[in-house]
Structures are given as structure tokens and as C-alpha cells.
2 protein chains.
Amino acid sequence: MAAVTLQDVALRAGVSQATASRVLNGSSRVPGAGVADRVRTAARELGYVPNAQAQALARASTGLIGLVVHDIADPYFSSIVRGAQAAARVARKQVLLASTDRDFDVERDSVSTFIAHRADAIVLAGSRQSGDLDRDLEAEFDRYRANGGRVVVIGQPLAFGGAVEPENYSASAELADALVAAGHRRFAVIGGPGSIRTAVDRRNGFVDALCRKGLSTVVEVTGEFTRDGGYSAARRLAAALQLEPGLAAGPVCVYAVTDVMAIGAIAAWRELGLRVPDDVCVAGFDDIPTLRDHTPSLTTVALPLEQIGARAVELALDSAADLRERAAGRVILRDSTRLG
Amino acid sequence: MAAVTLQDVALRAGVSQATASRVLNGSSRVPGAGVADRVRTAARELGYVPNAQAQALARASTGLIGLVVHDIADPYFSSIVRGAQAAARVARKQVLLASTDRDFDVERDSVSTFIAHRADAIVLAGSRQSGDLDRDLEAEFDRYRANGGRVVVIGQPLAFGGAVEPENYSASAELADALVAAGHRRFAVIGGPGSIRTAVDRRNGFVDALCRKGLSTVVEVTGEFTRDGGYSAARRLAAALQLEPGLAAGPVCVYAVTDVMAIGAIAAWRELGLRVPDDVCVAGFDDIPTLRDHTPSLTTVALPLEQIGARAVELALDSAADLRERAAGRVILRDSTRLG
DNA sequence: CTGAAAGCGCTTACAG
DNA sequence: CTGAAAGCGCTTACAG
């Protein structure tokens with residue numbers, strides 16, 4: 001019933017457990033060729049699979065990387081995880097995944113469990129307000145790091161550890177600049193929850209850039225970070241601006257801080273008889289793959305999400321230093337902000 | 001440097017390690033209230049975090065569930081993983097994730113590693129041809145199961161273990177029936193690779209249902225299981241059928257076995273000046289959330305993906321039996337197959 | 001209720 | 001090059 005043990009292999013090969021361990025699990029001290037062969041043969045015949053738990057206990061390293069995301073079904077996070085996975089694979093590490101549904105209790109719990117599992121590193125993806133990292137979590141991280149654990153965050157403030165920072169602020173500023181250059185002058189924003197730093201950074205980057213050009217938004221509304229959040233925000237925006245088909249003023253250019261919110265907004269406006277980009281223009285952020293064939297095609301900003309995920313685990317595995325990196329966004333102008 | 005140990009806690013509380021273990025890590029034998037309090041206090045003050053590796057070794061159960069998917073960035077799989085995550089959380093298990101990029105070597109490797117980590121169960125999501133599960137993998141699974149490991153597959157054939165089977169075949173048949181009922185008579189199929197069972201089942205379910213109505217497809221083409229696969233297949237299909245705007249025969253109704261392929265197809269046709277649904281109709285499969293606001297809205301089939309993922313881990317955790325379950329699809333008729 | 005001790009399956013100085 | 005032995009941090013019969 002019990003799995004084949006190193007002891008079993010050693011017995012069959014007629015060597016000591018130590019020797020079997022050395023040939024099977026890569027030590028610098030390589031035993032004689034004949035011995036090594038006997039051990040390997042025995043292992044194969046018995047179907048020996050090393051017990052990673054026991055190895056971890058003996059080695060004080062588990063080869064595990066804990067990954068915490070808000071929602072694995074969100075394309076933003078699943079792309080990050082894809083990149084993280086790939087990087088973990090080349091480093092021969094395993095990924096422990098937690099999808100928290102944005103529940104901070106669950107998040108804290110997941111981190112605790114990762115620490116209990118003695119993950120070599122923990123990567124926290126997702127975003128929250130400055131200083132929002134609660135005391136408990138921070139205390140746990142401190143101890144974790146004191147015991148040799150590595151922490152890397154993606155897109156959130158943290159006093160310690162590594163970080164890879166998507167440039168939400170400056171990419172949004174570039175988007176604003178590009179839209180102004182394209183001839184837009186009247187702007188509005190559909191922002192996200194004030195508690196989410198990504199949402200705030202994107203909004204600020206956009207508004208600040210406009211300000212530098214002597215422009216400002218005519219109205220701002222906010223909603224949940226979802227399709228429906230964009231939908232209802234867009235209705236409020238339409239009401240506030242008294243938008244209707246064929247206004248003489250020309251289309252206002254709306255920045256929805258997320259592609260999915262932009263999609264919800266377009267749906268809302270369509271129901272109101274408003275056409276994009278003729279009656280209202282809209283830009284999003286994220287460049288979600290399944291949205292690339294949307295009609296009208298959506299002006300947006302692409303972030304190198306997979307690369308961000310990969311870099312995060314690379315930083316986590318690089319025990320040298322607590323590096324901080326930035327990941328630039330790329331503005332993509334498409335039909336949804338095309339001026340007639 | 002080293003983490004706080006159960007021994008440390010016991011010392012500080014003035015009890016034996018055994019007692020500390022019993023109060024901290026839930027045993028039925030509950031020590032006296034005073035003692036328990038002392039231990040808990042000591043643990044808190046020291047910041048004790050149980051070493052899951054050591055517990056696993058001593059208990060012969062890791063609380064780990066291995067999850068293998070083809071591509072975590074694919075909405076199909078990320079939805080499954082989301083459901084699996086949620087179910088794992090209620091069962092207080094941790095998820096080990098592997099995204100294989102459809103590379104069978106990587107897949108085999110991931111399974112081996114999961115076994116090495118002594119995962120309590122392994123869930124394999126993704127699809128392959130009948131009997132394609134290679135010998136090595138199968139042999140490993142056999143040993144794994146003999147040692148008490150549980151295996152559950154999603155949407156693929158496996159002689160042993162549990163399974164949850166998305167009803168690709170019958171849901172596709174229902175789709176065909178619905179389209180015929182809506183008045184369609186001329187059909188075509190954009191299928192996937194013959195090596196992917198999901199693709200084959202969907203195609204067969206559709207074609208067989210047509211057959212039962214005395215109908216058959218006018219042409220079938222295949223492509224990769226991607227947006228670009230759908231795009232190029234759609235071009236071939238258009239050429240084969242000599243599709244052009246405003247054909248007198250009316251629109252042919254094309255079943256693309258995946259939403260993303262359908263999206264690629266629509267893009268290809270748009271470039272050719274063909275309009276959906278006026279010149280050509282199209283239905284997909286999957287009901288991808290970010291595509292729900294697509295124009296034209298896409299007729300498709302929804303699978304309860306999260307539920308499928310959740311059921312898979314529930315089955316994996318239910319050591320009673322190797323259950324097999326079916327998950328029905330739901331046909332959703334939308335604009336892309338609307339007849340004028 | 002509580003503790004001493006063996007055992008889970010490995011790795012790794014330490015001797016030979 | 002090879003082996004005996006201690007140790008990694010827990011759990012759990014087995015005694016008391």
C-alpha cells in the first residue's frame with residue numbers, strides 16, 4: 001500500500017540509503033558507475049518516486065512558489081499566472097495557487113497556508129490601496145522573510161520585498177496624450193473603486209496628463225471593476241452629459257480604466273441608441289485577447305502581463321536582492337476613438 | 001533564523017510536544033482548558049506556524065490537490081480552475097497548478113511532480129484523443145492510485161478514476177436541433193484538431209443531429225483551437241463555398257466548435273465583406289464572458305465550467321467511489337444565427 | 001489528561 | 001567512494 005521508499009530501493013540495489021540518495025537525487029558526490037547503475041535500475045523497477053515532503057523537510061526547501069491572485073477567471077490575472085507558471089517551470093518549481101475572490105480574509109488565509117507549506121517564495125498579484133496591507137499580514141510576512149522566505153508583489157505598495165510595477169499611471173498619461181494628439185478635447189472618465197490602487201493610478205495618470213495640456217474632464221463616474229460596473233457607470237455618465245445621438249458638440253472621449261468596463265459601457269450606450277465612436281468615443285485598458293475582434297475595435301493599453309508574471313517569479317527566486325521593476329504599457333489606438 | 005517550532009511552543013508553555021500538538025493541531029483528545037490556553041498563548045506570542053511538510057510526513061496526507069490544465073490563460077480553463085479553487089477552499093485543501101501549453105511531456109512531468117509531492121488527488125482537465133493517455137502516465141497513475149491517490153479527469157477518457165464529462169456531443173446536437181427549428185437548412189462546420197476529443201465530439205454531435213433530420217453539412221474545414229485557427233478555416237470555407245455578399249441561396253449556418261474560433265471566423269468574413277448574420281450565420285461553443293457583448297451577439301452553448309471544476313475536486317475528495325458525472329450544456333440562440 | 005518515544009522518508013555532515 | 005547515524009518538525013499509538 002505505501003509508496004516505494006528510498007530504503008526499498010537501497011535494499012534491492014544492495015547499497016546504503018545514503019548511496020541511493022546520492023545517485024538518485026543529484027549530489028555532487030557521484031558514486032561509482034556500477035553502483036549508480038544498480039541503484040537506478042532498482043529505482044526504475046520499483047517505480048520509486050521521491051517523497052518531496054520528506055525531501056523538503058530534510059533540505060529546508062520545498063520548491064514551492066505561492067501565487068495569490070484576486071480572480072483566476074479574470075483574463076488579467078490568468079495571463080499573469082500563465083507567465084508565472086512558465087517561469088516556475090524553467091526554474092523547476094511548483095506553483096501553489098490561491099484565487100481569493102477579492103476577499104481579504106481569504107487572502108490572509110492563503111498566505112498563512114503558503115507559509116505553513118514553507119513555500120520558498122510568495123507572489124502577491126492584485127491591487128489594493130496604499131497602506132491597506134493589514135497588520136496581521138505584514139507581521140506574518142516579516143517573520144516569513146526572517147526565515148528566508150521571499151515576497152514579491154505585483155502592482156501594490158509594500159515596504160519590503162521585491163516588486164514588479166505595471167506602469168498604470170504613465171501608460172494612462174500616454175493614452176491621454178495620444179488621444180489629444182488625435183484631436184480629442186472633451187474627456188470623461190469611468191473609474192473604478194477608490195480602494196483599488198490600479199484604478200486610482202489609471203485615473204490619475206489620465207487626468208494629470210490632460211491637466212498638463214490645459215484640459216480637464218467634463219465628468220467622472222465610477223463603478224465596480226466589472227462589465228456591469230462599466231455598464232451602470234456609463235448610464236450615469238450618459239445622463240450627466242445628456243448624451244444623445246448626433247450631438248453638435250461631437251463625441252466626448254471616455255476613458256474606462258478597464259477593457260471589461262469599456263465593454264459594459266458600450267453595451268449601455270448601444271441600448272441608449274448611442275453609437276461608438278460617432279456619438280461617444282471610448283478607450284479601455286488591458287487589451288484583452290478575446291476583445292481584439294470587438295466591433296468597434298477598442299482603443300486600449302496593453303500591459304505585458306505574462307512577462308510581468310514571469311518576472312515576478314524570477315525576482316522571487318533571485319535571492320540576491322529585493323528588486324523593484326517597472327513594466328511599461330503600450331497604447332493602441334483603434335476605432336473606438338476614431339474621429340469622423 | 002529557523003522558524004518557530006512546535007518544540008519551542010511546548011517549552012514556553014511548559015508542556016510536552018505531544019500536548020502542544022494536540023491542542024494546536026486539532027485532535028479529539030482535548031487537554032485541560034488551562035493547559036490549552038497556555039499552549040495557545042505561547043504559540044501566538046512566538047508566532048508559531050505549523051510546518052505543513054512535517055505534518056504531511058507524519059500524517060501521510062498533504063492536503064494538496066494537483067490541477068493540470070492545457071492553458072491557464074484560456075478562459076475555458078481558467079473558469080474551471082476558478083471553480084476548482086473554490087471547492088478546494090471549502091475543503092481546506094491547497095491547489096498545485098500546472099499549465100502545460102498542451103505539451104504532453106510537460107503534462108507527464110507535472111503529474112510526476114504532483115505525485116512526488118504526494119498530492120492527495122490529481123485533477124486532469126483538458127482533452128485528448130481516446131487511448132492517447134500514454135503508457136508511462138497510465139503506469140504512474142496506477143501506482144499512484146494503489147498508494148491511495150485519487151485521479152479525476154475532466155472531459156477525457158480514462159479507464160479508471162473519477163470523471164466529469166461535459167456533454168459536448170449532446171449539447172452540440174441540441175444546438176443543431178435548435179438551429180434547424182429556427183429555419184436553417186444549409187450547414188457547415190469549422191472543426192478543431194482531430195486529436196482533441198472535445199473538438200471531435202462537438203463536431204459529431206452536430207453532424208449526427210443534422211443527419212437525424214435528413215440534413216448534412218455542405219462543407220467542413222478544421223483549424224487550430226484558437227482565434228487564428230478559426231480565422232484561416234473561415235477563409236478556406238468562404239473560398240470552398242464561394243461565399244459573397246447577398247447570395248440568393250441565403251446564409252449558410254456555420255458551426256465553429258469554439259467561441260474563439262467563431263470570433264476569428266467572423267473577423268475573416270468581415271474582411272471579405274461578408275456580414276453576419278445576413279451573408280453567413282455562425283454559432284460557437286463556450287459562452288465566453290468577455291464575448292457576451294460582441295456584435296453580432298454570438299449564438300453559442302454554455303457549459304457550467306466553474307461547477308465542472310468544483311465537482312471535479314469534490315469527486316477527487318470523495319474517497320468513497322470513482323464517480324462519473326455529466327455536465328449538460330445550454331444552447332443560447334443569439335443574433336449571429338438570426339434569419340432575416 | 002499528559003508524556004516519552006518511535007516513526008514518517010529523506011539529506012548530509014562525519015567517519016572510514 | 002560508501003555507510004551509520006543524527007536530524008528535519010510533526011503525529012500518534014502506547015503507557016502512565
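Since the model is a prediction, treat every value here as computed from it, not as a measurement. Within every chain, numbering begins at 1; the chains are lettered A, B, ... in the order of the sequence lines, protein sequences first and strands thereafter.
Of the possible donor and acceptor atoms, none in the side chain of Asp318(A) sits under 3.5 Å from a partner among the backbone N and O of Leu315(A). Within the 3.5 Å criterion, the main-chain N or O of Thr198(B) finds no donor-acceptor partner in the side chain of Asp201(B). Side chain of Arg150(A) to main chain of Ala316(A): a donor-acceptor pair is present (N/O by atom type, distance under 3.5 Å, no hydrogens or angles). No donor-acceptor distance shorter than 3.5 angstrom exists from the side chain of Arg324(B) to the backbone of Gly162(B), with no hydrogens or angles considered. Between the side chain of Tyr144(B) and the backbone N or O of Ala119(B) there is at least one donor-acceptor pair closer than 3.5 Å. Put simply, the side chain of Asp120(B) gets close to the backbone of Thr62(B): a donor and an acceptor are under 3.5 Å apart. Judged by distance alone, the side chain of Arg118(B) and the main-chain N or O of Ile115(B) form a donor-acceptor pair under 3.5 Å.
Distance Arg59(A) CZ to dG7(D) C1': 15 Å, rounded to the nearest Å. In this entry the distance linking CG of Leu24(B) with C1' of dT11(D) reads 13 Å, nearest Å. Rounded to whole Å, the distance from CD on Gln17(B) to P on dC14(D) is 20 Å. Leu6(B) places its CG atom 9 Å from the C1' atom of dT11(D), with the value rounded to the nearest Å. Gln7(A) places its CD atom 12 Å from the C1' atom of dA4(D), with the value rounded to the nearest Å. Summarising the geometry, the separation between CG on Leu57(A) and C1' on dG7(D) is reported as 9 Å, rounded to the nearest angstrom. In this structure, the NE2 atom of His117(A) is 17 Å from the P atom of dG9(D), given to the nearest Å.
Remark: Asp103(B) does not engage Arg89(A) in a salt bridge, criterion side-chain N to carboxylate O under 4.0 Å.
Side-chain proximity of Ala18(B) to dG3(D), dA4(C), dC10(D): nearest is dA4(C).
When the side-chain nitrogen and oxygen atoms of Thr5(B) are compared with OP1 and OP2 of dC10(D), one or more of them lie within a distance under 4.0 Å. Considering only side-chain N and O atoms, Ser21(A) lies nowhere under 4.0 angstrom from the phosphate OP1 or OP2 of dC10(C). For dA4(C), neither phosphate oxygen OP1 nor OP2 lies less than 4.0 angstrom from any side-chain nitrogen or oxygen of Ser16(B).
Stem analysis of DNA chain C (at least three stacked-register Watson-Crick or G-U pairs, each with both distances under 3.5 Å) gives C:1-3 with D:14-16, C:5-12 with D:5-12, C:14-16 with D:1-3.
Rounded to a whole angstrom, the distance from the C1' atom of dT12(D) to that of dG16(D) is 16 Å. Distance check on atom P: dT2(C) versus dA6(C) gives 23 Å, rounded to whole Å.
Shown here are the side chain to side chain contact (heavy atoms under 4.5 Å, CB included) partners of Leu305(A), two or more places apart in sequence or in another chain: Tyr76(A), Ser79(A), Ile80(A), Leu303(A), Ile308(A).
For the residue pair Ser110(B)/Thr113(B), the side-chain donor-acceptor check at 3.5 Å is not satisfied.
Taken residue by residue, residues 38-55 of chain A places no heavy atom nearer than 4.0 Å to DNA chain D.
Ala60(A) comes within contact range of no nucleotide atom at all, as no heavy-atom separation falls under 4.0 Å.
A donor-acceptor contact under 3.5 Å is formed by the side chain of Arg22(B) with the base of dG3(C).
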